[in-house]
Structure formats: C-alpha cells, structure tokens
K.L.:
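Following this message is one structure expressed as structure tokens.
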Amino acid sequence: MPMLPPRSPIDVAMGAFFLNLLRYVVFALPAFVFFHRRTPRRFLSRRLGPGPVSEKQARREIFYSLGSLAIFGLVGVWMYALAQAGLSRFYTDDRHGPVWFVLSIPVMLLVHDTYFYWTHRFMHWKPIFKHVHKVHHLSHDPSPLAAYAFHPLEAVIEAGIGPLILLTLPVHRSAFLIFLTIQLFINVIGHLGFELYPRGFLRSPVGRWFNTTTHHHQHHQRMKWNFGLYFNVWDRLLGTNHPQYESTFEALTTPVPESPTEEAAGSTPELAGELSSRPS
C-alpha cells in the first residue's frame, strides 16, 4: 500500500523546491544581511575573510543555490516514488514511538556526517574536482548564501543522503524535516564568515568534537584540509584537520585592543594574512 496520498511528480517537485527555498530564505538570507551588509562592530574582530563579499559573488552564490534547490526538488520526486512503492522505511504514524523519533535525529546527523566526509573527499580528487566541486570553491571567502551553491552534479551527490537514509533507517517524516533544517542551519554557520563560538571552545570536551565556522572557512582557503560537516571525528581520525586550525581559532577568538587599522580590516593583520592567502 502506498504510504502517502497520490500526488503528481510536478506537485512533489514544486513542494520540495519551495520548502527548501523557504528554509534557505529564513536562514541564509538574514545571516548574509546581518553579517555581510550590516555587520555589528562587536563582530568585526571575528571576521574570517578580508571583508564583506561582493555583489557579484552574492549573485553567483544565489544563482547556483537556486539551481541546487531545483535538483533537490527532483530528488524529492524520487524519494516520494520510493515511499509510494513501499521501498523506503519512511513512516508517518507512531509505530516506533517517541524515543526513536528523538534518537533518529542524531543518528541521521552521524550518518550524514560520514556520507559528507567521504563524498567531499571524493569531490576533491583531481579528476573530479574541476567538473563537480570547483563551483562551490569559487567562493574563496564564502558567505551564508553559498550554503547550497553547488554545480548540478554536486547537488545530486549532496541530495543523495536523503534516499540513502530513507532506504536504510526507519525515519518519521517530521524527524526527517527536523534533520534537514539542522543540516541547513549548520551549513549556513559553516559559511558564515564570522566565528561565533567562544574562546576555548575547542579545548572543551564538547567543542573538541564539533566543527566551527573557522574549520569550514579554512577549508575554502586551504582545500587539502577540513572535510567534515557537523563533527570533527573523521578529520581527527584521518589527520585531515589543518595543522593551524586550533591556533587560528584561538587567535580569532582572543580579544585584542581595537585600532583604526584593525577595525577597517575587520580582523587582526596576522589573521587576515593567514586566512586570505590562496589555497596551497
């Protein structure tokens, strides 16, 4: 028996597109305006890049993100078809109870983090990079608008986590939507361009295992390092954290006396030099 009411493929695709667009507008757009167009003075010392992104870059990031959202809509049609055919483990009732409903969310995050790390490293393989992942790295100093700024082939790879989860895990519809919302929120934070975590966060028992804006921004600057998404597990296990990740984070989050030069630059001179150099 189909698990969902009959809907046309166009209806499903448009519904998925506009739902993802709504999340993008709610999370990415306000973050962009707040941090890159109306930057409060108190955050200037936390800036990772040399300055606000250009209008040209912002338009490019929006253009590719909209294309990715369209592809996510098409993948949504595939996921709907799997559910209709009874081939997915997607459910809408309370058959697995509230405990699994809650636990399934961090489980999905762990599965996605592993999927992201290894597909991300694959897309950095030289024969693949220029055809798939290079578009995303056009944003050397990314903004929140770059959260979904993918080449169409990369968008397909990124969206692949959805069918993978629904084919392997019993997942409630609402839990899956919560997972997708967390995913975008963390994605926006990773591309924020400003470090929000407090000084000493990486030395804490919790902070040691979670990624920061510095971590992913450094990946955009130094492409051979920092491949993880939510957690700093695979990068630690496989030695792919940038050697200066922790020291860069500490330098960025250590309060320094303001000077006219530093305020104009939006970061300390040493940090601006480190973060703005081209990938090696």
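The first residue in the sequence is number 1, and the count goes up from there. What you see below is based on every heavy atom in this structure, not just the backbone, and it leaves out hydrogens, waters and symmetry mates. Just so it is clear, the model here is predicted, and its values are computed rather than measured.
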K.L.:
Check side-chain hydrogen bond (donor to acceptor under 3.5 Å, both in side chains) between H133 and all other residues, then give those that pass, not counting sequence neighbours.
P.N.:
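Checked H133 against side-chain hydrogen bond (donor to acceptor under 3.5 Å, both in side chains); matches are H120, H124, H137, E154.
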
K.L.:
Can you list the residues that meet the salt bridge (Lys or Arg N to Asp or Glu O under 4.0 Å) rule with R121, with sequence neighbours excluded?
P.N.:
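Scan of R121 (salt bridge (Lys or Arg N to Asp or Glu O under 4.0 Å), adjacent residues dropped) gives none.
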
K.L.:
Show me the side-chain donor-acceptor pairs of residues 103-111 shorter than 3.5 Å, one per line, residues at least two apart or across chains.
P.N.:
| from | atom 1 | to | atom 2 | distance (Å) |
| --- | --- | --- | --- | --- |
| S104 | OG | W100 | O | 3.2 |
| S104 | OG | F101 | O | 2.8 |

K.L.:
Output all residues satisfying salt bridge (Lys or Arg N to Asp or Glu O under 4.0 Å) with R59, sequence neighbours left out; order by chain, then residue number.
P.N.:
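None.
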
K.L.:
Quick check on F185: does its CZ atom have over 12 non-hydrogen neighbours (other residues, nucleotides or ligands) under 6.0 Å away?
P.N.:
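Open: at most 12 neighbouring heavy atoms sit under 6.0 Å from CZ of F185.
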
K.L.:
Could you work out, with ring-ring contact (aromatic ring centres under 6.0 Å, His included) as the rule, every residue matching Y24, not counting sequence neighbours?
P.N.:
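Testing Y24 for ring-ring contact (aromatic ring centres under 6.0 Å, His included), a comparison that skips the adjacent residues, returns none.
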
K.L.:
Among pairs that include at least one residue of residues 53-75, which meet ring pair (Phe, Tyr, Trp, His ring centres under 6.0 Å), considering only residues two or more places apart or in two chains?
P.N.:
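Residue pairs with at least one partner in residues 53-75: F72-Y148.
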
K.L.:
Tell me, please, which residues at least two apart from H136 pass side-chain hydrogen bond (donor to acceptor under 3.5 Å, both in side chains).
P.N.:
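side-chain hydrogen bond (donor to acceptor under 3.5 Å, both in side chains) list for H136, sorted by chain: H191, H220.
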
K.L.:
Would you please name every residue forming a salt bridge (Lys or Arg N to Asp or Glu O under 4.0 Å) with R203, sequence neighbours left out?
P.N.:
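With sequence neighbours excluded, R203 shows a salt bridge (Lys or Arg N to Asp or Glu O under 4.0 Å) to E250, given in chain and number order.
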
K.L.:
If you group Ile, Leu, Val, Met, Phe, Trp and Tyr whenever their side-chain heavy atoms sit less than 4.5 Å apart, what else falls in with L74?
P.N.:
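ILVMFWY cluster around L74 holds nothing else.
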
K.L.:
Sorted by first residue and then second, give each salt bridge (charged side-chain N to carboxylate O under 4.0 Å, His left out) pair with at least one member in residues 6-23; sequence neighbours left out.
P.N.:
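Of all non-adjacent pairs touching residues 6-23, those that pass salt bridge (charged side-chain N to carboxylate O under 4.0 Å, His left out) are R7-D11.
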
K.L.:
What pairs with H215 under ring-ring contact (aromatic ring centres under 6.0 Å, His included), at least two apart in sequence or on another chain?
P.N.:
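ring-ring contact (aromatic ring centres under 6.0 Å, His included) list for H215, sorted by chain: Y245.
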
K.L.:
Excluding sequence neighbours, so at least two apart, what forms side-chain hydrogen bond (donor to acceptor under 3.5 Å, both in side chains) with D93?
P.N.:
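For D93, the residues satisfying side-chain hydrogen bond (donor to acceptor under 3.5 Å, both in side chains) (neighbours in sequence not counted) are R95.
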
